[in-house]
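The block underneath contains the structure these notes are about, expressed in structure tokens.
For clarity, every value in this text was computed on a predicted model and none was experimentally measured.
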Amino acid sequence: MAAPCRFLHFPIATTTAPTLSAATATRRRLLLSSTCGTIAAAAAMEGSGSVGAPAASSSGKGSAVVDSHLHVWASPQQAAGEFPYFPGQEPPLRGDVDLLLQCMDEAGVDGALIVQPINHMFDHSLVTSVLKKYPSKFIGCCLANPADDGSGIKQLEHLIVQMTNEVGRSLFAKAGELGAPVGIMVMKGISSYIQEIEELCTDYPKTNVVFDHMAFCKPPTNMEEEKAFTSFLKLSRFPQIYVKYSALFRISRGAYPYEDTSQLLSRVISSYGANRIMWGSDFPFVIPECGYKGAKEAISHVAGKIPVSSSDLEWILGKTVTQLFQGAWVTA
């Protein structure tokens, strides 16, 4: 299956990896993502233009600001034409690229990683069209279809229970061989997966790992939550692990500007260092929560409560993600 985007995402229900190809590709990168049972792979495809990460912000001041986690889907008008929604997955709110570009411009955000939304399931034509139209602004993470015979369902269930089975380990090892990061999304908490994650990171030290949404750790309110967060911080001893300080509305216990996450950020910076932390908005889901510009401004607001140095803030707002995905953005 030809990869329609710069990044390819497929469920671990699939036992045979899809073919990643591009006529002009000179390099490939594998991105694995686990949502307690989802592994994703990515292919970085280079076009005829020069390749590199954004080097400066659109305002010409400081480093580029890059959103490491967002989604786009078709407008109702587009969906009625060439970009239909997957049946039963009509979006609950607006999330078209025109709105995203407007929001990014207002917030001073220079680039982003688009994660293929479930609203279009395995039809990547909408996201692909966005990547082709704005090659210097976006890279994409795409979904690949699982096994057609349904045999992957039980395997998926098994991988949810035990990440370190033969398939999981093989994928993790291959990511390291290809110099690729592995993203892990533990939506139900990290406690149940610490042992497996430690084992994988120990056995495959060359494989980079990224935790989405701060591993869904909220400010601890009891001993059990403190133990879970502490175990997450202790994972920083593995130098290949990175953290997304993203979707603050999902990890905060309070209202905007989510000041209670300052204690999380402070401790994560102390353990991991700012150069292993990256911001993500989770657009468009963030819009009804605080707005896109508000999501970006919340980072600086929270950072000011700790405080975080301007240098560290630059890493969090863009330098980390562009360094981790070097060569992913096409520049004019």
Side-chain angles (χ1 to χ4, degrees), residues 57-59 61-70 103-104 106-113 185-187 189-190 210-237 241-324:
S57 68
S58 56
S59 65
K61 298 178 180 179
S63 300
V65 176
V66 179
D67 189 336
S68 69
H69 193 104
L70 55 76
C103 289
M104 291 175 66
E106 292 174 351
V109 175
D110 302 288
L113 168 62
M185 183 179 291
V186 286
M187 297 182 70
I190 195 170
V210 181
F211 279 101
D212 288 345
H213 307 335
M214 197 79 82
F216 284 86
C217 290
K218 294 190 174 185
T221 59
N222 55 51
M223 292 299 294
E224 182 179 352
E225 292 171 351
E226 175 60 33
K227 181 179 179 181
F229 187 50
T230 299
S231 66
F232 170 59
L233 295 178
K234 288 181 178 179
L235 290 174
S236 64
R237 69 184 184 277
I241 294 182
Y242 293 75
V243 179
K244 279 187 182 180
Y245 180 53
S246 53
L248 269 59
F249 62 95
R250 299 189 188 278
I251 62 175
S252 174
R253 298 185 185 278
Y256 181 82
Y258 316 121
E259 289 185 2
D260 63 336
T261 66
S262 63
Q263 60 175 289
L264 299 178
L265 181 59
S266 177
R267 295 173 68 182
V268 169
I269 291 175
S270 294
S271 296
Y272 287 88
N275 63 334
R276 288 201 275 162
I277 303 169
M278 63 193 80
W279 166 68
S281 69
D282 204 14
F283 171 94
F285 299 108
V286 72
I287 297 297
E289 300 292 336
C290 65
Y292 187 83
K293 185 177 181 181
K296 189 240 183 172
E297 291 177 343
I299 304 299
S300 298
H301 178 85
V302 172
K305 295 292 181 181
I306 302 176
V308 176
S309 70
S310 58
S311 175
D312 282 353
L313 191 57
E314 283 191 351
W315 279 102
I316 295 169
L317 285 173
K319 288 179 68 175
T320 298
V321 66
T322 54
Q323 177 174 276
L324 184 60

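Side-chain contact check for M214 versus V243: some heavy-atom pair is nearer than 4.5 Å. S236 places none of its side-chain heavy atoms less than 4.5 Å from the side chain of I241. For the pair L264 and P220, the minimum side-chain heavy-atom distance is below 4.5 Å. For the pair C290/F249, no side-chain contact is recorded, criterion being any heavy-atom separation below 4.5 Å from C-beta on. In this structure, Y245 and I251 have side chains that are in contact, with non-hydrogen atoms separated by less than 4.5 Å. In this structure the side chain of I299 reaches within 4.5 angstrom of the side chain of L248, judged on heavy atoms. Looking at heavy atoms from C-beta onward, F216 lies out of side-chain contact with I190 at the 4.5 angstrom threshold.
F232 pairs by the ring-ring contact (aromatic ring centres under 6.0 Å, His included) definition with F211, Y272, not counting sequence neighbours. Listed by chain and residue number, nothing satisfies the side-chain contact (heavy atoms from CB on, under 4.5 Å) test with S270 (two or more places apart in sequence, or in another chain). Scored by the side-chain contact (heavy atoms from CB on, under 4.5 Å) test, E106 finds Q102 as partners (sequence neighbours excluded). With sequence neighbours excluded, the residues satisfying side-chain contact (heavy atoms from CB on, under 4.5 Å) with T221 are E225, R253. In this view, Y242 satisfies the side chain to side chain donor-acceptor pair (under 3.5 Å) rule with no residue, not counting sequence neighbours. Judged as a salt bridge (Lys or Arg N to Asp or Glu O under 4.0 Å), and not counting sequence neighbours, the contacts of K305 are E259. In this view, Y258 and Y256 satisfy the ring-ring contact (aromatic ring centres under 6.0 Å, His included) rule, not counting sequence neighbours. In this structure, K218 has no salt bridge (Lys or Arg N to Asp or Glu O under 4.0 Å) partners at least two apart in sequence or on a different chain. Checked against side chain to side chain donor-acceptor pair (under 3.5 Å), D260 has the following partners two or more places apart in sequence or in another chain: S252. In terms of the side-chain contact (heavy atoms from CB on, under 4.5 Å) criterion, residue partners of S311 (sequence neighbours excluded) are, by chain and number, S309, W315. When the ring-ring contact (aromatic ring centres under 6.0 Å, His included) test is applied to F285, the partners found at least two apart in sequence or on another chain are H71, W73.
When every heavy atom of L313 is checked against every heavy atom of A303, the shortest pair comes out as CD1-CB, 3.9 Å. Minimum heavy-atom separation, A107 to K296: O-NZ, 3.0 Å. Shown here for A274 and I269, the closest heavy-atom pair between the two residues is N-CG2, 4.2 Å. In terms of heavy-atom proximity, K244 sits nearest to S68 at NZ-O, 3.0 Å. Summarising the geometry of V302 relative to P257, their closest heavy-atom pair is CG2-O, 3.5 Å, with the distance given to 0.1 Å. Scanning both residues, G280 and D67, for their nearest heavy atoms gives CA-OD1, 3.3 Å.
Here the OG-CZ distance, from S271 to R237, works out to 11.5 Å after rounding to the nearest 0.5 Å. Annotation: the span from W279 atom CH2 to S300 atom OG amounts to 9.5 Å, rounded to 0.5 Å. In this structure, L317 CG and S63 OG are separated by 9.5 Å, a value rounded to the nearest 0.5 Å.
In terms of modelled atom types and a separation under 3.5 Å, the side chain of D110 and the main chain of V66 share no donor-acceptor contact. Not one N or O on the side chain of S266 forms a donor-acceptor pair closer than 3.5 Å with the backbone of S262. A donor-acceptor contact shorter than 3.5 Å links the side chain of T322 to the backbone of K319.
Listed by first and then second residue, the salt bridge (Lys or Arg N to Asp or Glu O under 4.0 Å) pairs that reach into residues 274-289 are R250-D282, sequence neighbours excluded.
Between the side chains of E314 and S310, no donor N or O sits under 3.5 Å from an acceptor N or O.
Results of the side chain to side chain contact (heavy atoms under 4.5 Å, CB included) test with I277 over V321, V268, D312, V308 single out V268 as the only residue that passes.
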